[in-house]
Amino acid sequence: MTAVEEGDLIVRREGAAGVIRLNRPKALNAMTLEMSIGIDAALDRFETDPEVAVIVLEGAGERGLCAGGDVRGLWESSREGGDLGARFWRQEYVMNARIARFPKPYVAFMDGLVMGGGVGLSGHASHRIVTDRTRLAMPEVGLGFFPDVGGTWLLSRSPGEIGTYFGLTGQTMNGPDAIHARFADAVVPAAKWPVLREALTRVRTGATAAELTKLINGFATGETAGPVAAKEPAIDALFGFDRMEDIFAALKRDGSEFAQVTLKTLNEKSPRGMVVTLKLLRLARAASSLEECLVREYRAALEVFRSDDFREGVRAAVIDKDRNPTWSPPRIEDVTPGMLAPYLAEIGADELKFN
């Protein structure tokens, strides 16, 4: 066992496994720019190391893999007119695409909280393990943002309108619902992870993805759908529209308890963030690749970084924690096509490019 780097990121080889452990447990392993660069460097090393058969991603502590990006740092840079957003998201999104096409099996242990940037590190992996403790979400709309890190690609490939529902409400998936939404592949009880992890360190060099799947399935429960999956017919009927106004109208007409609770949830989100999210999700449905979605997300993210809604959303949720953001504009009806256009506009030389 050889440790390469301690601190916020621990990278080492354990037998046949190249282990990447996010190591900020007090901050729920929130990812910084430096950690993202470190993960890229680890992937460089493990890709070329002939003794590494599989990558294992995990989070330190008992609370979760990763609660997202370090939004406090992004908030401070946005307030100061800095460029951390452009640098952080460029690095992160290129890394997300790299994970999706990594040539060796990449096993993500998605225990506990897995949100935002944590989904970017795990949701594009070749083998995605959730547990009985998993709480997975893309809650960005509550920050005046949208589901990024390839979230629009993943959500748009969930069955029916399940992805639209999760993307707009920011609601949490348990492990089985993450399987149903196509964000994960197997539910393994957290208590079984140490034994599975040990088995992963002993896989043969050159082990195939199919061999890894068989190994993981030997520990899995076989669950494939949770409580939200049971609501899919209602979700399909309520969220099958291309305009937020129509979704709100459908929820108001329906009048069921589920519709009322969902309407209350949406009324707490950024109107501009919801409109941007729905547009990006609909565009993602026609996308031919994750990279296409990431390019679009990067354009939108730069516009978000300049917006009052992002600063206000982070202030209310993370800085002051009063949970009472003042959105601009305050109503869905006030979000004009002119407001939406900059989020979708091409950005010339600053476009996201992949290695």
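The analysis underlying the following values was restricted to heavy atoms, covering all of them including side chains, and did not include hydrogens, waters or symmetry mates. Heads up: numbering here begins at 1 and tracks the sequence.
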Between Glu47 and Pro103, the two heavy atoms sitting closest are OE2-CG, 3.5 Å
Here the pair of heavy atoms bringing Arg72 nearest to Val318 is NH2-O, 3.4 Å
Taking every heavy atom of Ala301 against every heavy atom of Tyr93, the minimum-distance pair comes out as CB-OH, 3.7 Å
For Asp148 and Glu140, the nearest pair of non-hydrogen atoms, with its separation, is OD1-OE2, 3.9 Å
**Item:** Donor-acceptor contact present, side-chain Asp70 to main-chain Leu33, <3.5 Å
**Value:** no
Side-chain donor or acceptor of Asn96 paired with backbone N/O of Gly120 under 3.5 Å: yes
Just wondering, are more than 12 heavy atoms of other shown residues or ligands nearer than 6.0 Å to CD in Glu351? yes
Hits for ring-ring contact (aromatic ring centres under 6.0 Å, His included) against Trp327, two or more places apart or cross-chain, chain-then-number order -> none
Next item on the list: Answer yes if the ring centres of Phe258 and Tyr165 are under 6.0 angstrom apart, and no otherwise.
Entry: yes
Quiz item: Can we say Glu268 and Lys264 salt-bridge, meaning some charged N sits less than 4.0 Å from an Asp/Glu carboxylate O?
Solution: yes
To the nearest 0.5 Å, atom CD1 of Ile247 lies from atom CG of Leu263 at 11.5 Å
Q | Lys/Arg N to Asp/Glu carboxylate O, Arg299 vs Glu303, below 4.0 Å | A | no
Mind checking whether Val107 and Leu65 sit in one hydrophobic cluster, side chains of I, L, V, M, F, W, Y counted as touching below 4.5 Å? no
Sequence neighbours excluded, the answer for ring-ring contact (aromatic ring centres under 6.0 Å, His included) partners of Tyr343 is none
* Same cluster or not: are Leu74 and Leu352 linked, directly or through other Ile, Leu, Val, Met, Phe, Trp or Tyr residues, by side-chain heavy atoms under 4.5 angstrom apart? -> yes
Tracing side-chain contacts under 4.5 Å among Ile, Leu, Val, Met, Phe, Trp and Tyr outward from Met115 reaches Leu28, Leu113
Discussion item. Salt bridge or not between Lys214 and Glu211? Use side-chain N to carboxylate O under 4.0 Å.
Written reply: no
How about Phe354 and Leu294: do any of their side-chain heavy atoms sit closer than 4.5 Å? yes
**Item:** Shared hydrophobic cluster, Ile216 / Val56 (ILVMFWY, side-chain heavy atoms < 4.5 Å)
**Value:** yes
Exercise. Is Arg98 salt-bridged to Asp44, cutoff N-O under 4.0 Å?
Worked result: yes
Under 3.5 Å, side chain of Asp177 to main-chain N/O of Ala229, donor-acceptor pair present?
yes
Check: Counting distance only, does the side-chain N/O of Asn217 pair as donor-acceptor with the main-chain N or O of Ala220 below 3.5 Å?
Finding: no
query: Judged by modelled atom types alone, do Glu297 and Thr152 share a side-chain donor-acceptor pair under 3.5 Å?
result: yes
Margin query: Between Arg90 and Asp350 (side chain of the first, backbone of the second, donor and acceptor by atom type, cut-off under 3.5 Å), is there such a pair?
Written below: yes
Taken to the nearest 0.5 Å, the spacing of Met244 CE from Met274 CE works out to 5.0 Å
Discussion item. Taking Phe46 as the starting point, is it possible to reach Tyr106 by hopping between hydrophobic residues whose side chains are less than 4.5 Å apart?
Written reply: yes
What about Trp75 and Phe305, same hydrophobic cluster or not, with Ile/Leu/Val/Met/Phe/Trp/Tyr joined at side-chain heavy-atom distances under 4.5 Å?
yes
Side chain proximity check, Lys279 to Val275, heavy atoms < 4.5 angstrom
no
Just so I know, are the side chains of His127 and Val54 near enough to count as touching, which here means a heavy-atom distance under 4.5 Å? no
Rounded to the nearest 0.5 Å, the CG atom of Asp8 sits from the OG1 atom of Thr32 at a distance of 5.5 Å
Exercise. Just by distance, do the side chain of Thr213 and the backbone of Ala209 share a donor-acceptor pair under 3.5 Å?
Worked result: yes
- Item | Check: Thr131 and Lys192 side chains under 4.5 Å, non-hydrogen atoms | no
message: Could you check whether Arg311 and Ser78, counting side-chain N and O atoms only, form a donor-acceptor pair closer than 3.5 Å?
response: yes
State, with a plain yes or no, whether a side-chain heavy atom of Asp242 is found less than 4.5 Å away from one of Leu278.
no
When rounded to the nearest 0.5 Å, the distance separating CZ of Phe145 from CZ of Phe310 is 6.5 Å
May I have the step-by-step check of side-chain contact (heavy atoms from CB on, under 4.5 Å) for Ile235 and Val228, ending in yes or no?
CA-CA 9 Å; Ile235 288 171; Val228 175; 3.8 Å; yes
- Do side-chain atoms of Arg272 reach the backbone of Ser328 as a donor and acceptor pair under 3.5 angstrom? yes
query = Checking side-chain contact (heavy atoms from CB on, under 4.5 Å) for the pair Thr164/Phe241: CA distance, chi angles, key distance, verdict?
reply = CA-CA 10 Å; Thr164 311; Phe241 303 95; over 6 Å; no
**Report entry** Derivation of the salt bridge (charged side-chain N to carboxylate O under 4.0 Å, His left out) call for Glu312 and Arg315
**Finding:** CA-CA 5 Å; Glu312 176 63 6; Arg315 179 207 64 76; 3.0 Å; yes
So CG of Asp246 and CG of Leu238: to nearest 0.5 Å the spacing works out to 12.0 Å
Is any side-chain heavy atom of Ile162 closer than 4.5 Å to one of Phe166? yes
Using side-chain heavy atoms (C-beta onward) and a distance below 4.5 Å, is Met173 in contact with His180?
no
Report task. For the pair Phe109 and Trp193, name the ring-plane relationship: parallel under 30°, tilted 30 to 60°, perpendicular over 60°. Result -> parallel
For salt bridge (charged side-chain N to carboxylate O under 4.0 Å, His left out), just list the numbers for Arg202 and Glu198, CA-CA rounded to whole Å, side-chain angles, deciding distance to a tenth of an Å, and then say yes or no.
CA-CA 7 Å; Arg202 298 196 307 268; Glu198 175 64 24; 3.1 Å; yes
Self-check item: Intermediate values then yes/no, side-chain contact (heavy atoms from CB on, under 4.5 Å), Leu283 and Leu344
Solution: CA-CA 10 Å; Leu283 289 170; Leu344 306 174; 4.1 Å; yes
Can a salt bridge be assigned to the pair Arg285 and Glu292 using a cut-off of 4.0 Å between side-chain N and carboxylate O?
no
Are the side chain of Asp254 and the backbone of Ala259 linked by a donor-acceptor contact shorter than 3.5 Å? no
Looking only at heavy atoms, the pair that brings Leu266 and Leu168 closest together is CD2-O, 3.5 Å
- prompt: Heavy-atom distance under 4.5 Å between the side chains of Asp334 and Pro271, does that happen here?
  reply: no
So CD1 of Ile20 and CG of Asn23: to nearest 0.5 Å the spacing works out to 13.5 Å
Item to complete: Would you kindly say whether Ser307 and Asp309 are connected by a side-chain donor-acceptor distance under 3.5 Å?
Response: no
Nearest heavy-atom contact between Asp111 and Ala190 is OD1-CB, 3.9 Å
- Query: For Arg79, does the CZ atom have more than 12 heavy-atom neighbours from other residues, nucleotides or ligands under 6.0 Å away?
  - Reply: no
- Message: Donor-acceptor pair, distance only, cut-off 3.5 Å: does the side chain of Thr134 make one with the backbone of Leu136?
- Response: no
Within the side chain of Arg182, is there an N or O that forms a donor-acceptor pair under 3.5 Å with the backbone of Arg157?
yes
Exercise for the section: Could you please spell out the steps behind the side-chain contact (heavy atoms from CB on, under 4.5 Å) verdict for Leu281 and Phe239? Expected result: CA-CA 12 Å; Leu281 288 175; Phe239 284 83; over 6 Å; no
